[in-house]
Amino acid sequence: MWSPVHPALFACVDGMGRLDLWNLNNDTEVPTASATVEGTSALNRVRWASTGREVAVGDSEGHVWVYDVSEQLAVPHSDEWACFARTLVEIRANRADAEEGSVVELSAQL
């Protein structure tokens, strides 16, 4: 789920009880911050507070955990939108290169 205030920040959870925060302006392959909820088998819900300073995660049994997000991570700098636009262009270019490469590989195998 995307942050309500930061254009490049999103949160996701997984079946191993892990919460990941991704700032795509910093890295597109490694989460910026992670936390593992001990004692739960799977997280399946994530929601941001409207301020973007807290994120809540939950499991299928109704347990909820709320995490504070540091100001450094949660509050966007003035250039975040422009930086995110460049990040998206790079992601699209990399995707196009990967798709083109897979077509070439497939053609070579045929």
Side-chain angles (χ1 to χ4, degrees):
M1 169 173 250
W2 289 100
S3 164
V5 296
H6 194 298
L9 184 64
F10 72 93
C12 60
V13 294
D14 68 16
M16 301 299 292
R18 183 170 149 159
L19 163 66
D20 289 329
L21 298 181
W22 294 77
N23 182 337
L24 297 182
N25 286 344
N26 292 342
D27 198 320
T28 59
E29 296 184 20
V30 178
T32 303
S34 295
T36 301
V37 177
E38 299 297 328
T40 187
S41 58
L43 296 174
N44 58 10
R45 299 282 188 265
V46 61
R47 292 289 183 270
W48 288 93
S50 61
T51 62
R53 295 292 310 271
E54 296 88 23
V55 64
V57 299
D59 65 15
S60 60
E61 295 179 14
H63 300 108
V64 176
W65 296 265
V66 179
Y67 290 90
D68 291 324
V69 180
S70 72
E71 184 174 334
Q72 180 182 359
L73 185 58
V75 178
H77 299 108
S78 60
D79 65 340
E80 295 287 354
W81 279 104
C83 187
F84 189 50
R86 288 189 300 273
T87 299
L88 290 176
V89 168
E90 290 174 16
I91 289 171
R92 287 184 186 123
N94 290 340
R95 180 177 169 197
D97 289 346
E99 288 174 354
E100 186 176 297
S102 64
V103 169
V104 171
E105 281 182 29
L106 184 58
S107 296
Q109 291 176 359
L110 295 175

Please tabulate, one pair per line, all N/O donor-acceptor pairs under 3.5 Å involving side-chain atoms of residues 53-60, not counting sequence neighbours.
| from | atom 1 | to | atom 2 | distance (Å) |
| --- | --- | --- | --- | --- |
| R53 | NE | V69 | O | 3.2 |
| D59 | OD1 | E61 | N | 3.0 |
| D59 | OD1 | G62 | N | 3.1 |
| D59 | OD1 | H63 | N | 2.9 |
| D59 | OD1 | H63 | ND1 | 3.4 |
| D59 | OD2 | T40 | OG1 | 3.1 |
| D59 | OD2 | H63 | ND1 | 3.1 |

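- Contacts classified as salt bridge (charged side-chain N to carboxylate O under 4.0 Å, His left out) and involving residues 83-92 (residues at least two apart or in different chains) are not found.
- Between V46 and F10, every side-chain heavy-atom pair lies at or beyond the 4.5 Å cut-off.
- Contact of the W65 side chain with the L43 side chain is registered, since non-hydrogen atoms from C-beta on lie closer than 4.5 Å.
- In this structure, R95 CZ and L88 CG are separated by 12.0 Å, a value rounded to the nearest 0.5 Å.
- Considering CG of L24 and OG1 of T87, their distance stands at 7.0 Å, rounded to 0.5 Å.
- Counting only residues at least two apart or on different chains, the salt bridge (charged side-chain N to carboxylate O under 4.0 Å, His left out) pairs with a member in residues 4-27 are R18-D20.
- Through direct or indirect side-chain contacts shorter than 4.5 Å among Ile, Leu, Val, Met, Phe, Trp and Tyr, V30 is connected to no other residue.
- To the nearest 0.5 Å, atoms CG (L21) and SG (C12) are separated by 8.0 Å.
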Return a table of donor-acceptor pairs under 3.5 angstrom between the side chains of residues 73-85 and protein atoms on other chains or two or more places apart.
| from | atom 1 | to | atom 2 | distance (Å) |
| --- | --- | --- | --- | --- |
| H77 | ND1 | E80 | OE2 | 3.1 |
| E80 | OE1 | N25 | ND2 | 2.6 |

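- Legend: salt bridge (charged side-chain N to carboxylate O under 4.0 Å, His left out) pairs involving residues 35-51, not counting sequence neighbours: none detected.
- Note on residues 2-11: no pairs pass side-chain hydrogen bond (donor to acceptor under 3.5 Å, both in side chains), not counting sequence neighbours.
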